[in-house]
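First comes the structure, then the notes that go with it.
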Protein chains: 2
Amino acid sequence: MTDLKSANNPLFLREEELRQAIELLFFAYREFTAGPDQILKDYNFGRAHHRVIHFVGRNEGIIVSELLDILRITKQSLNRVLSNLIERGFIEQRQGEEDRRQRCLYLTEKGRKLEQELSRVQRDLVGHAFREAGADAVAGYRKVLLGLIDEDIRDTVLKRVLKP
Amino acid sequence: MTDLKSANNPLFLREEELRQAIELLFFAYREFTAGPDQILKDYNFGRAHHRVIHFVGRNEGIIVSELLDILRITKQSLNRVLSNLIERGFIEQRQGEEDRRQRCLYLTEKGRKLEQELSRVQRDLVGHAFREAGADAVAGYRKVLLGLIDEDIRDTVLKRVLKP
DNA sequence: GATTTTAAGTCAGTCATGTTGACATATATT
DNA sequence: AATATATGTCAACATGACTGACTTAAAATC
């Protein structure tokens, strides 16, 4: 009865609980990206394009450096997908009014439609999970995920997420 | 007072709520992978190696086809990282006893150490978030994430996650 | 026992998306 | 006038996905 794995050992339970939580996040995130991935294929876009469309959609007029800051990728990486999105008419740039070095980014009509299409599948998925789980569970979900985000940047992220 | 964004419009609130939940998952997942990514660099491994190490660690003796099934990648993709891990002595293969075509996978001592090291940072992160959020929130987190997983595969995933 | 199916591995080529490093251009700031 | 900043661009490289074709050994079926 001194089995390490026994229910009497809280340390083991804790570790196992955490391992399960980690695995759950892996599987959930994969499901979460599967829908958009499928749609993006039809447009010959990838996940990187989705991220740009998402954050431009939620931050109309965002400038390139802010976008880089959110995505945490190099400008060379961003530029590949961004210029692609601009060429193909999903995003447009306007010169900054105060600082004319800046490029402010906006979704075009076409871009907005794609954003809607991508967002829709994710909202349907999350909405379904939320309804199934109930309001208390949703509050818990938010609390835990927020806790996963580094304290140093939590406020910044919160401001972004809750911006609109 | 007919503002679409007003608190009187439950539909808007719902959409905004879902969009926030989606964004939160994006940021949280990035934080969640950041720690391991940093460690993996020292070994010249990538996230793909981590996933293999994780699932072999949690399913000692797993065979290649099961691993492919969990990871949902092609055997060519798996083989690149797997053969790398075997060559460098983090994972070992043993021929299946019943079906000798099968290769059963195990972590070596070295592999187990790395698994511990990687798992540790994630468990610390998730553990911290759990403690901060409290037991009810944790239950909600689990409920929602599980709801994100497609019903068709939820049972299969659950069996895997809760296996040990 | 011969044939077919299955599990695993391999070779070759492609694509998406990240990286570094060097450099260019326009505009702001000092 | 000199310097710093925001953006863009060229080139080379790494990782980790993909497809498609083929091999080998062992199991299952006929």
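Reminder, nothing fancy here: chain letters follow the sequence lines and each chain counts from 1.
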**Prompt:** Counting only heavy atoms not in A:Gln95, do more than 12 fall under 6.0 Å of its CD?
**Reply:** yes
**Asked** What is the distance, rounded to the nearest whole Å, between atom CG of A:Asn84 and atom C1' of C:dG18?
**Response** 16 Å
**Request:** Answer yes or no: does a side-chain N or O of B:Arg47 lie under 4.0 Å from OP1 or OP2 of D:dG16?
**Result:** no
**Asked** For C:dT10, does either OP1 or OP2 sit under 4.0 Å from a side-chain N or O belonging to B:Asn79?
**Response** yes
**Request:** Determine the contact category for A:Ser65: base if any of its heavy atoms lies under 4.0 Å from a base atom, sugar-phosphate if only primed atoms, P, OP1 or OP2 are that close, otherwise nothing.
**Result:** sugar-phosphate
**Prompt:** How close or far is atom P of D:dT15 from atom CD1 of A:Ile73, stated in whole angstroms?
**Reply:** 19 Å
**Fill in**
Taking for B:Ile63 and for A:Asn44 the nucleotide of DNA chain C with the nearest heavy atom, the one nearer the 5' end belongs to B:Ile63
**Protein-nucleotide distance (A:Asp99, atom CG; C:dT25, atom P), rounded to Å** = 19 Å
**Prompt:** Does a nitrogen or oxygen in the side chain of B:Thr74 sit under 4.0 Å from OP1 or OP2 of D:dC18?
**Reply:** yes
**Nearest-Å distance for atom pair CD/P, residues B:Gln102 and C:dA8** = 6 Å
**Side chain A:Tyr141, main chain B:Ala21, donor-acceptor under 3.5 Å** = yes
**Message:** So, does B:Gln76 get its side chain near the phosphate of D:dG20, meaning an N or O under 4.0 Å from OP1 or OP2?
**Reply:** no
**Request:** Establish whether the base of C:dT6 is bridged to the side chain of B:Arg101 by a donor-acceptor pair shorter than 3.5 Å.
**Result:** yes
**Prompt:** Can a cation-pi geometry be assigned to B:Arg94 and B:Tyr106, taking NZ or CZ under 6.0 Å from the six-membered ring centre and within 45° of the ring axis?
**Reply:** yes
**Message:** Go nucleotide by nucleotide along DNA chain D from the 5' end; which of B:Leu78 and B:Lys75 gets its closest nucleotide reached first?
**Reply:** B:Leu78
**Message:** Please determine whether a side-chain nitrogen or oxygen atom of A:His49 lies at a distance below 4.0 Å from atom OP1 or OP2 of C:dA16.
**Reply:** no
**Message:** I need the minimum non-hydrogen distance between B:Leu107 and B:Val56, along with the two atoms involved.
**Reply:** N-CG1, 3.9 Å
**Message:** Does a side-chain N or O of A:Gln93 approach OP1 or OP2 of D:dG8 to a distance below 4.0 Å, or not?
**Reply:** yes
**Asked** Once you round it to whole Å, what is the distance between P of D:dG8 and CD1 of A:Ile86?
**Response** 7 Å
**Request:** May I have the distance from B:Glu98 (atom CD) to C:dA7 (atom C1'), rounded to whole angstrom?
**Result:** 15 Å
**Request:** Establish, with yes or no, whether the OP1 or OP2 oxygen of D:dC18 is under 4.0 angstrom from a side-chain nitrogen or oxygen of B:Arg72.
**Result:** no
**Request:** Using atom CZ of A:Arg80 as one end and atom P of C:dA16 as the other, report the distance to the nearest whole Å.
**Result:** 9 Å
**Protein-nucleotide distance (B:Glu87, atom CD; C:dT10, atom P), rounded to Å** = 9 Å
**Prompt:** Could you state the interatomic distance from OG (B:Ser119) to CD1 (B:Ile53), rounded to the nearest 0.5 Å?
**Reply:** 11.5 Å
